[in-house]
Amino acid sequence: ATESPMARGFSAPITETPSDSRRRAPPKRKRFYGRGDLCNGSGMEVQRRWLTLGALLLLAMIVLGGAVRLTESGLSITEWAPILGTLPPLSQADWDRAFALYQASPQFRLVNSTMDLEGFRAIYWPEYLHRLLGRVIGLWFIVPLCWFAWRRMIDRRLLRGLALLIGLGALQGLVGWLMVKSGLSDQPRVSHLRLTAHLGMGLLLFAATFWLSLSLRCRWRACSGRRT
């Protein structure tokens, strides 16, 4: 009689089903946006520093906004030109035009009717620097974010948070102009509600940016602990 394989001490081959192979497959590691390891220390550290400096710029923006409020300079620029308003008046004709626009505002008619061009320049510069810093902050966030996304060095969770921050920043600029516009009507004062919303959104942007920076630091420490 022929001896069976079981009698020789061998077991029959076991076929593995697709469901078993899926259960035994190692878990996938999270990756950056399209490519790269989430625990890439150099990329995460660069992003953390970038966000930390962005938070400091937002804090400087809030402080400068307080100086604008105290010097009553917020109504000195009566136009909202996000692109064309990047450059200040460069000639005497430009200064005369900006001063003529301010002379048509209720703040000049009711409060500063005796102000000359030199006095106008003194209140013009704080508001101009405030708006210029806002443009710089926008570029500070948008340009590196585009570079990180192009190089696929940013994970989707951080990408969503930064997209939300940029959207809030754009809304903050619109709220700031609506606040200024409220003081260019009949009364030479801005709406207190819009002023509160403008300040509150600035503090929210600062806190959210700083929180994102701290979260990157905590994630990097967690990755370092797993490697060691």
Side-chain angles (χ1 to χ4, degrees), residues 30-69 73-74 77 79-88 125-181 194-223:
K30 291 184 178 180
R31 296 192 177 274
F32 271 64
Y33 178 72
R35 183 179 66 191
D37 190 353
L38 184 65
C39 292
N40 185 341
S42 59
M44 192 175 293
E45 180 65 15
V46 169
Q47 293 167 10
R48 185 191 67 81
R49 294 180 181 180
W50 165 52
L51 290 175
T52 301
L53 290 176
L56 293 177
L57 286 174
L58 287 168
L59 182 61
M61 183 77 169
I62 295 172
V63 174
L64 184 55
V68 168
R69 177 67 176 172
S73 305
I77 302 178
E79 292 180 312
W80 192 46
I83 298 177
L84 297 179
T86 303
L87 295 176
W125 286 114
E127 175 64 10
Y128 169 77
L129 293 175
H130 185 61
R131 297 190 185 192
L132 180 63
L133 182 56
R135 295 179 176 95
V136 170
I137 291 175
L139 293 175
W140 177 264
F141 282 98
I142 293 174
V143 174
L145 175 60
C146 293
W147 188 83
F148 286 133
W150 177 65
R151 295 295 302 272
R152 300 180 181 180
M153 293 175 59
I154 186 169
D155 69 319
R156 289 180 173 85
R157 182 171 62 177
L158 181 59
L159 184 63
R160 288 193 295 266
L162 290 172
L164 180 60
L165 278 182
I166 292 175
L168 286 175
L171 182 61
Q172 168 75 326
L174 178 60
V175 171
W177 166 245
L178 292 176
M179 179 192 67
V180 172
K181 189 176 180 180
R194 297 181 186 182
L195 175 63
T196 303
H198 191 51
L199 176 59
M201 289 185 65
L203 293 173
L204 177 62
L205 283 168
F206 166 74
T209 305
F210 192 62
W211 180 84
L212 282 177
S213 175
L214 290 179
S215 67
L216 279 179
R217 183 179 181 87
C218 294
R219 289 161 63 188
W220 165 236
R221 285 184 173 179
C223 290

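Hydrogens, waters and symmetry mates are skipped; everything else that's a heavy atom, side chains included, is used.
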Colleague: Which residues pass the side-chain contact (heavy atoms from CB on, under 4.5 Å) test with A55, sequence neighbours left out?
Modeller: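 Counting only residues at least two positions away or on another chain, A55 forms a side-chain contact (heavy atoms from CB on, under 4.5 Å) with F206, T209, F210.
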
Colleague: Could I get the full list of side-chain contact (heavy atoms from CB on, under 4.5 Å) partners for L203, not counting sequence neighbours?
Modeller: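 Partners of L203 by the side-chain contact (heavy atoms from CB on, under 4.5 Å) criterion, ordered by chain and then number, come out as I62, L199.
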
Colleague: Test of understanding: with side-chain contact (heavy atoms from CB on, under 4.5 Å), list the residues that count as partners of R135, not counting sequence neighbours.
Modeller: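 side-chain contact (heavy atoms from CB on, under 4.5 Å) check on R135 returns T86, R131.
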
Colleague: Using the side-chain hydrogen bond (donor to acceptor under 3.5 Å, both in side chains) rule, collect all pairs that involve residues 164-174, keeping only residues at least two apart or in two chains.
Modeller: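 The answer is Q172-H198.
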
Colleague: Taking atom CG of L129 and atom CE of M61, what is their separation to the nearest 0.5 Å?
Modeller: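 So the CG of L129 and the CE of M61 are separated by 10.5 Å.
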
Colleague: Determine, step by step, whether W80 and L178 satisfy the side-chain contact (heavy atoms from CB on, under 4.5 Å) criterion, reporting the C-alpha distance in whole Å, the side-chain angles of both residues, the deciding distance to 0.1 Å, and the verdict.
Modeller: CA-CA 10 Å; W80 192 46; L178 292 176; over 6 Å; no

Colleague: Determine which pairs satisfy salt bridge (charged side-chain N to carboxylate O under 4.0 Å, His left out) with at least one residue from residues 55-66, sequence neighbours left out, and list them in order.
Modeller: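 Every candidate salt bridge (charged side-chain N to carboxylate O under 4.0 Å, His left out) pair involving residues 55-66 fails, so no pair, neighbours aside, qualifies.
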
Colleague: So which heavy atom on V175 is nearest to which on M201, and how close?
Modeller: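 That would be CG2-SD, 3.9 Å.
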
Colleague: Could you tell me which non-hydrogen atom of L139 sits nearest to which non-hydrogen atom of P144, and how far apart they are?
Modeller: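 Result for this residue pair: O-CD, 3.6 Å.
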
Colleague: May I ask you to decide if L51's main-chain N or O and W140's side chain share a donor-acceptor pair within less than 3.5 Å?
Modeller: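 Absent.
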
Colleague: One pair to check against side-chain contact (heavy atoms from CB on, under 4.5 Å): L205 and I137. What are the steps and the verdict?
Modeller: CA-CA 11 Å; L205 283 168; I137 291 175; over 6 Å; no

Colleague: Do any pairs count as a side-chain hydrogen bond (donor to acceptor under 3.5 Å, both in side chains) and have a residue in residues 54-68, sequence neighbours left out, and if so which ones?
Modeller: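 Output for this query is empty, none listed.
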
Colleague: Give the intermediate values and the outcome of side-chain contact (heavy atoms from CB on, under 4.5 Å) for residues L212 and S215.
Modeller: CA-CA 5 Å; L212 282 177; S215 67; 4.3 Å; yes

Colleague: Just jot down the salt bridge (charged side-chain N to carboxylate O under 4.0 Å, His left out) partners of R194, sequence neighbours excluded, or say none.
Modeller: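 For R194 there are no salt bridge (charged side-chain N to carboxylate O under 4.0 Å, His left out) partners, ignoring immediate neighbours.
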
Colleague: Kindly write out the residues that satisfy ring-ring contact (aromatic ring centres under 6.0 Å, His included) with W211, not counting sequence neighbours, or none if the list is empty.
Modeller: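 Once residues adjacent in sequence are excluded, W211 has no partner under the ring-ring contact (aromatic ring centres under 6.0 Å, His included) criterion.
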
Colleague: Taking all heavy atoms of S213 and all of T52, pick out the closest pair and write down the distance.
Modeller: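 Looking at all heavy atoms of both residues, the shortest contact is OG-OG1, 2.6 Å.
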
Colleague: Who are the side-chain contact (heavy atoms from CB on, under 4.5 Å) partners of I166, not counting sequence neighbours?
Modeller: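 Only F141, I142, L145 meet the side-chain contact (heavy atoms from CB on, under 4.5 Å) criterion with I166.
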
Colleague: Rounded to the nearest 0.5 Å, what separation is found between the OG1 atom of T196 and the CE atom of M179?
Modeller: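 Rounded to the nearest 0.5 Å, the OG1-CE separation comes out at 10.0 Å.
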
Colleague: Would you list the pairs meeting salt bridge (charged side-chain N to carboxylate O under 4.0 Å, His left out) in which at least one residue belongs to residues 46-59, sequence neighbours left out?
Modeller: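 Every pair satisfying salt bridge (charged side-chain N to carboxylate O under 4.0 Å, His left out) with a residue in residues 46-59: E45-R48, E45-R49.
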
Colleague: Can you list the steps and then say if L159 with F148 is a side-chain contact (heavy atoms from CB on, under 4.5 Å)?
Modeller: CA-CA 9 Å; L159 184 63; F148 286 133; over 6 Å; no

Colleague: Once side chain to side chain donor-acceptor pair (under 3.5 Å) is applied, do any residues pair with R69, and if so which ones, sequence neighbours excluded?
Modeller: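 Result, side chain to side chain donor-acceptor pair (under 3.5 Å) vs R69: none returned.
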
